[in-house]
Amino acid sequence: MTVHLPIEFADEQLHVRMGIEITRWDVQEMIGTMPVKGNRQPFGLLHGGANAVLAEQLGSLGSAMHAAQFDSIAVGLELSCTHHRAAREGLVTGVARPIHLGRSTTTYEIVVTDEDGKRTCTARLTCIIRPKPPGA
């Protein structure tokens, strides 16, 4: 199934500013990468908030693709992240897989790993599915 999601204000999208690239688009497995460079905290480590942005981007896209079949939209309801180890350089890769795909909510688990394949973060995102707003 091909789903076209409306993208407004493309130059203002946070994932663009953070260098996130989506490498796999599928409701069952959404994959993306993000550079550590440009997304560090003051100690030179990947910022925990950057992990959260990557996780929410991947889980939200999967949720939006799922919601599209109901002519609806998905918006984030809850995000939790556990940071296991620091990433200091290179790219991190996030893999989002659904735990639940319903008519009113979706939940994804997102695993972020470094270039050595070591888990750096585990996140869980729940989105709520709502009717499209007027004019959307």
Exercise for the section: Search all heavy atoms of Gly94 against all heavy atoms of Leu54 and return the closest pair with its distance. Expected result: N-CD2, 3.9 Å
Practice task
Output the distance between atom SG (Cys127) and atom CD1 (Ile73), rounded to the nearest 0.5 Å.
Solution key: 10.5 Å
Practice task
Tell me, yes or no, whether the heavy-atom count around Glu89 atom CD, taken from other residues, nucleotides or ligands under 6.0 Å, exceeds 12.
Solution key: no
Problem - Interatomic spacing from NZ in Lys37 to CG in Leu91 - rounded to 0.5 Å - result: 12.0 Å
Practice task
Going by the side-chain hydrogen bond (donor to acceptor under 3.5 Å, both in side chains) test, name the single residue among Thr106, Thr107, Thr105 that passes it with Thr126.
Solution key: Thr107
Practice task
Among Glu21, Glu56, Met34, Gln57, find the residue that satisfies the side chain to side chain contact (heavy atoms under 4.5 Å, CB included) test when tested with His15.
Solution key: Gln57
Handout entry: Linked, directly or transitively: Trp25 and Val112 (ILVMFWY side chains, under 4.5 Å)
Key = yes
Completion exercise
Shortest non-hydrogen pair, Thr113 vs Arg119, comes out as CG2-CA, 3.9 Å
Handout entry: Min side-chain heavy-atom separation Leu45-Arg88 under 4.5 Å
Key = yes
Practice task
For residues Pro131 and Ser72, report the shortest heavy-atom separation together with the two atoms involved.
Solution key: CA-OG, 4.1 Å
Problem - Pairing residues for Arg24 by the side-chain contact (heavy atoms from CB on, under 4.5 Å) criterion, not counting sequence neighbours - result: Asp26, Glu29, Ile31
Practice task
In sequence, state the C-alpha distance, the side-chain angles, and the governing distance for Leu125 and Glu78, and then conclude on side chain to side chain contact (heavy atoms under 4.5 Å, CB included).
Solution key: CA-CA 6 Å; Leu125 173 70; Glu78 181 179 24; over 6 Å; no
Problem - Student check: side-chain heavy atoms of Val92 and Leu46 closer than 4.5 Å - result: yes
Handout entry: Test side chain to side chain contact (heavy atoms under 4.5 Å, CB included) applied to Val27 and Tyr108, step by step
Key = CA-CA 10 Å; Val27 171; Tyr108 275 79; 3.6 Å; yes
Practice task
Could you tell me which non-hydrogen atom of Leu58 sits nearest to which non-hydrogen atom of Ala96, and how far apart they are?
Solution key: CB-CB, 3.8 Å
Completion exercise
CG (Leu101) and CD (Gln69) are apart, to the nearest 0.5 Å, by 8.5 Å
Exercise for the section: Measure the shortest side-chain to side-chain distance between Met30 and Ile22 over non-hydrogen atoms and say whether it is less than 4.5 angstrom. Expected result: yes
Problem - Between OG on residue Ser63 and NE2 on residue His100, distance to nearest 0.5 Å - result: 10.0 Å
Handout entry: Pairwise distance CG(Leu14) to CE(Met18) - rounded to 0.5 angstrom
Key = 5.5 Å
Practice task
State, to 0.1 Å, how close Thr120 and Ala87 come at their nearest heavy-atom pair, and which atoms those are.
Solution key: CG2-CB, 4.4 Å
Exercise for the section: Find out whether Ile129 and His66 are in side-chain contact, i.e. whether some heavy atom of one side chain is under 4.5 Å from a heavy atom of the other. Expected result: yes
Practice task
Please examine the side chains of His83 and Cys81, heavy atoms only from C-beta on, and report whether any two atoms are closer than 4.5 Å.
Solution key: yes
Handout entry: Residue Arg40 excluded, over 12 heavy atoms near CZ under 6.0 Å
Key = yes
Completion exercise
The salt bridge (Lys or Arg N to Asp or Glu O under 4.0 Å) partners of Asp71 (sequence neighbours excluded) come to Lys132
Practice task
Start with the C-alpha distance between Val53 and His47, add both sets of side-chain angles, then the distance that settles side chain to side chain contact (heavy atoms under 4.5 Å, CB included), and finish with yes or no.
Solution key: CA-CA 10 Å; Val53 171; His47 196 289; over 6 Å; no
